[in-house]
Amino acid sequence: EAVRQAAAGKDPRSARLRVATAPRFAEMMARWLAHLERHGKNGRPLKPESLADHRRRWRDYLGRLDPLPLEDLDRAAIAVELTRGAERSPTRARAALVTLKAALAWAVAQGWMTENPAEGMKGEAYGANASPVRDVVLSLEELRQLWAALDAARLSPAVRDALRLAVLTGARRGELAGMRWEELEL
């Protein structure tokens, strides 16, 4: 591994040092929550209730991970806590996994971990509830009302068209933003 990194022009010692100086889980969580409080999520302020939910999930469902150095945090340790949490509340255990995934993604971005051990974990595998299905289907009358409201709204033509495309395709905002002309059949 070190030879591969050196061949790529990277110092293998710096990666080891960065991981070796990584904080314990408790410190990482405290820093992540402080970051969310100051900077919000995706450039938008986080609601105080959302921040309180993350803190509660950490305290109630993830707190046993606090003494672990981040480099020792693995799927097995996470699975134990998710299973224990799901015995108390399957819904809250699923929410704790959401919190954990976000916090560990931030830790990876900070360079404290090389990968997120919670990535790809599904709460249902540990007894937590599955994520709720959120299908929304508009009736023909609701679609007519939406179309009329878009026509009457004081929106730029580009925004109006993007909203119509979202309604017609059911695509998410990120999918629409990343869409390429060659993906469309007009």
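All values below come from the heavy atoms of this structure, side chains included, with hydrogens, waters and symmetry mates left out.
- Pairs of residues two or more places apart, or lying in two chains, that qualify as ring-ring contact (aromatic ring centres under 6.0 Å, His included) and include a residue from residues 36-56 are Trp32-His54, His35-His39.
- Residues passing the salt bridge (Lys or Arg N to Asp or Glu O under 4.0 Å) test with Glu119: none are found, sequence neighbours excluded.
- In summary, Arg84 and Glu87 do not engage in a salt bridge, as defined by a charged side-chain N under 4.0 Å from a carboxylate O.
- A search for side-chain hydrogen bond (donor to acceptor under 3.5 Å, both in side chains) contacts involving Trp106 returns nothing, not counting sequence neighbours.
- The side chain to side chain contact (heavy atoms under 4.5 Å, CB included) check on Arg154 picks up nothing, with sequence neighbours excluded.
- Residues forming a salt bridge (Lys or Arg N to Asp or Glu O under 4.0 Å) with Arg75 (at least two apart in sequence, or on another chain): none.
- Remark: Val98 engages no residue in a side chain to side chain contact (heavy atoms under 4.5 Å, CB included) (not counting sequence neighbours).
- In terms of the side-chain hydrogen bond (donor to acceptor under 3.5 Å, both in side chains) criterion, residue partners of Thr91 (sequence neighbours excluded) are, by chain and number, Asn129.
- Scanning for salt bridge (Lys or Arg N to Asp or Glu O under 4.0 Å) contacts around Arg56 gives Asp53, with sequence neighbours left out.
- Between the Arg88 side chain and the Asp60 main chain, a donor and an acceptor come within less than 3.5 Å of each other.
- Looking only at distances, a side-chain donor or acceptor of Arg160 sits under 3.5 Å from a matching main-chain atom of Leu155.
- Residue Val167 is grouped with residue Leu163 when hydrophobic side chains (ILVMFWY) are merged at heavy-atom distances under 4.5 angstrom, including chains of intermediate members.
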Considering only distance and modelled atom types, tabulate donor-acceptor pairs under 3.5 Å from the side chains of residues 143-151, sequence neighbours left out.
{"unit_1": "Gln145", "atom_1": "NE2", "unit_2": "Glu141", "atom_2": "OE2", "d": "3.4"}
{"unit_1": "Asp151", "atom_1": "OD1", "unit_2": "Arg164", "atom_2": "NH2", "d": "2.4"}

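- Leu140 and Leu168 fall into different hydrophobic clusters, where Ile, Leu, Val, Met, Phe, Trp and Tyr are joined by side-chain heavy atoms under 4.5 Å apart, directly or via other members.
- Residues forming a side chain to side chain contact (heavy atoms under 4.5 Å, CB included) with Leu68 (at least two apart in sequence, or on another chain): Leu65, Asp72, Leu73, Ala77.
- For Ala95, the side chain to side chain contact (heavy atoms under 4.5 Å, CB included) test picks out Arg57, with sequence neighbours left out.
- Contacts of Arg92 classified as side-chain hydrogen bond (donor to acceptor under 3.5 Å, both in side chains), with partners at least two apart in sequence or in another chain: none.
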